Amino acid sequence: MNTSSLRQASVVGGLSLSSNLICHAALQAEMQPWIEMECFQLSQGKRLGQLDSIDLGNQRIVRETQEATVHKVGATPANLCTLSYCSLDPACRFSEHDAGNAGTIFFMSEQTEFDIYVPAGAQTTYISLDQDEFLSAARVLNPAEWENAPSGVTMLYSRQKALFQDAVEMWFKVAAMPGNAMHADVMRRLLFQTMLQIATTTTQDNASTLPAAARLRALRICRDARTFAENLLETEDLPTIVELCAAVGVSERTLQYAFRTYAGMSPLVYLRKLWLNRVRTALMQASPSEMTVTAAAMRYGFLHLSRFAQDYKRVFDETPSVTLAS
């Protein structure tokens, strides 16, 4: 089925530009096969937004504009690191960090598990780089900050964030020019040097609208709760609050607060939306001759079919039968 509107231009020298409308959460993950991830739609909308990317081989520039709230979980592969920024919004969360500081950028190292919450209306941009090459050069330019490279998701403060944003806009404009003769090797060198300049003039920044320790605790609580719920789904319906609290070892108040911090909603609302995303992916990948809406719903624990249909339409702006028939 046609799940996106795609415009792609190949430019002289191996530079590739693509622009995609994101019609469902699973597609947003599929558009970035170089990073293992799973995406979930958490707010209402038939379309999640748009993803623009420039592929330079071992470097990529990716810009995601969200029309609906999305939750992304995954892990970076070996020898791939990213530098990223988000539009100024304290609700935008990169693991235990928020994007509420005007100078904030994020460094994410190889083999890092990430957990990202991007609200509707926000835009995120990241540059992926060869980590060995990047760290080798960064240590030469700023050994004090980069000799022991940060691991995981690290929040940095840069007075050159505006340079980052302006450079990204320029690269997308250049890549889109008809007949542009800029060779991919030239852009790779420019991109690499610009990222080095930005990264080696940053400092670790602890400014946040919520202490990082509190965000990290919320992240761990919610990950444990989600894992428990995923396992329980194999045999039962959505877990109760009592079951979640007992499994994670926290009070109801702590669990509710953690999920408000983590995803901006209660635990059961969050988990129900995850299951709705799973049903939608299953329906989009099947044909009416292979699957029924009832079978897909029950597979993910939705036994009250009328309520399921109402919730499904409320989130995705279409009925499950329309999704299956598309």
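Index from 1, following the sequence. In this text, all values refer to a predicted model and were calculated from it rather than measured experimentally.
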*Would you say the side-chain atoms of D89 pair up with the backbone N or O of A99, donor to acceptor, closer than 3.5 Å?*
no
*Working for ring-ring contact (aromatic ring centres under 6.0 Å, His included), residues F164 and Y85*: CA-CA 9 Å; F164 196 166; Y85 63 86; 4.7 Å; yes
*Could you tell me whether a side-chain N or O of T281 sits under 3.5 Å from a main-chain N or O of A26, the two making a donor and an acceptor?*
no
*SG/C222 to OH/Y117 distance, rounded to the nearest 0.5 angstrom?*
12.0 Å
_Residues L274, L42; criterion side-chain contact (heavy atoms from CB on, under 4.5 Å); working and verdict_ = CA-CA 8 Å; L274 257 61; L42 297 185; 4.1 Å; yes
*Do L276 and F308 have side-chain heavy atoms sitting under 4.5 Å apart?*
yes
*Kindly indicate whether the side chain of T201, heavy atoms from C-beta on, has any atom under 4.5 Å from the side chain of R159.*
no
*Counting distance only, does the side-chain N/O of N277 pair as donor-acceptor with the main-chain N or O of F40 below 3.5 Å?*
no
*Keeping the roles fixed (side chain from T69, backbone from A120), state whether a donor-acceptor pair exists under 3.5 Å.*
yes
*Does a side-chain heavy-atom distance below 4.5 Å link M284 with H24?*
yes
_Is there a salt bridge (Lys or Arg N to Asp or Glu O under 4.0 Å) between R63 and D52? Walk through the geometry before answering._
CA-CA 5 Å; R63 180 175 61 195; D52 305 307; 3.3 Å; yes
*Kindly determine whether E230 and R278 satisfy salt bridge (Lys or Arg N to Asp or Glu O under 4.0 Å), including the steps that lead there.*
CA-CA 11 Å; E230 292 268 12; R278 296 279 169 76; 2.9 Å; yes
*asked:* Let me confirm one number: the CG-CG distance from D130 to L135, rounded to the nearest 0.5 Å.
replied: 9.0 Å
*Do the side-chain N and O atoms of E64 and Q50 include a donor-acceptor pair separated by under 3.5 angstrom?*
no
*Can the positive tip of R307 be found less than 6.0 Å from the middle of the six-membered ring of F302, inside 45° of the ring normal?*
no
_L255 and I241, any side-chain heavy atoms less than 4.5 Å apart_ = yes
*Candidate pair K46 and E67, rule salt bridge (Lys or Arg N to Asp or Glu O under 4.0 Å), full reasoning*: CA-CA 9 Å; K46 192 168 184 178; E67 295 179 23; over 6 Å; no
_Check: W146 ring centroid to F134 ring centroid under 6.0 Å_ = yes
*Scan side-chain atoms only and decide if Q123 and S87 contain a donor-acceptor pair under the 3.5 Å cut-off.*
no
*Say whether, by atom type as modelled, one donor and one acceptor occur between the side chain of Q193 and the main chain of L190 under 3.5 angstrom.*
no
*Stepwise, does the side-chain contact (heavy atoms from CB on, under 4.5 Å) test hold for Q160 with Q197?*
CA-CA 9 Å; Q160 298 196 53; Q197 179 182 346; 2.9 Å; yes
*Taking all non-hydrogen atoms of both residues, which atom of T124 and which atom of C86 are closest, and how far apart?*
CG2-SG, 3.7 Å
*Does a donor on one side chain and an acceptor on the other come within less than 3.5 Å for Q28 and Q66?*
yes
*So, does T261 use its side chain to make a donor-acceptor pair with the main chain of Y257 at under 3.5 Å?*
yes
*Check for a donor-acceptor pair, side chain of T112 on one end and backbone N or O of M108 on the other, with a separation under 3.5 Å.*
no
*asked:* Just so I know, are the side chains of L51 and Q32 near enough to count as touching, which here means a heavy-atom distance under 4.5 Å?
replied: yes
*Check step by step if side-chain contact (heavy atoms from CB on, under 4.5 Å) holds for E145 and T200.*
CA-CA 7 Å; E145 292 288 337; T200 56; over 6 Å; no
_Please verify the inter-ring angle class for F106 with H97; under 30° counts as parallel, over 60° as perpendicular, anything in between as tilted._
tilted
*Any side-chain heavy atom of R217 sitting closer than 4.5 Å to one from T254?*
yes
*Are side-chain N/O atoms of T323 and S326 paired as donor and acceptor at under 3.5 Å?*
no
*asked:* With a 4.5 Å cut-off on side-chain heavy atoms, are V73 and R226 touching?
replied: yes
_Within the structure provided, determine whether T104 and F94 are in side-chain contact (heavy-atom separation under 4.5 Å)._
no
_Check this for me, if you would: do R47 and D317 make a salt bridge, where the nitrogen-to-carboxylate-oxygen distance has to be below 4.0 angstrom?_
no
_Set out, in order, the CA-CA distance, both residues' side-chain angles and the distance that settles side-chain hydrogen bond (donor to acceptor under 3.5 Å, both in side chains) for T82 and S128, then state yes or no._
CA-CA 4 Å; T82 66; S128 67; over 6 Å; no
*Report yes or no: does T76 contribute a side-chain atom to a donor-acceptor pair with the main-chain N or O of Q111 at less than 3.5 Å?*
yes
_Cluster link I127 to L163, ILVMFWY, side chain under 4.5 Å_ = yes
_Quick check for you: to the nearest 0.5 Å, what is the distance between R60 atom CZ and S18 atom OG?_
10.5 Å
*Please test Y270 against Y262 for ring-ring contact (aromatic ring centres under 6.0 Å, His included), starting from the C-alpha separation and ending with a verdict.*
CA-CA 10 Å; Y270 169 81; Y262 179 75; 5.7 Å; yes
*Using modelled atom types only, decide if a donor and an acceptor are shared between the side chain of Q59 and the backbone of L56 within a distance under 3.5 Å.*
no
*Determine, step by step, whether F259 and M265 satisfy the side-chain contact (heavy atoms from CB on, under 4.5 Å) criterion, reporting the C-alpha distance in whole Å, the side-chain angles of both residues, the deciding distance to 0.1 Å, and the verdict.*
CA-CA 6 Å; F259 269 92; M265 59 189 67; 5.9 Å; no
*D115 pairs by side-chain contact (heavy atoms from CB on, under 4.5 Å) with which of H71, R220, K72, E96?*
H71
*Looking just at side-chain N and O atoms, do T319 and S321 make a donor-acceptor pair shorter than 3.5 Å?*
yes
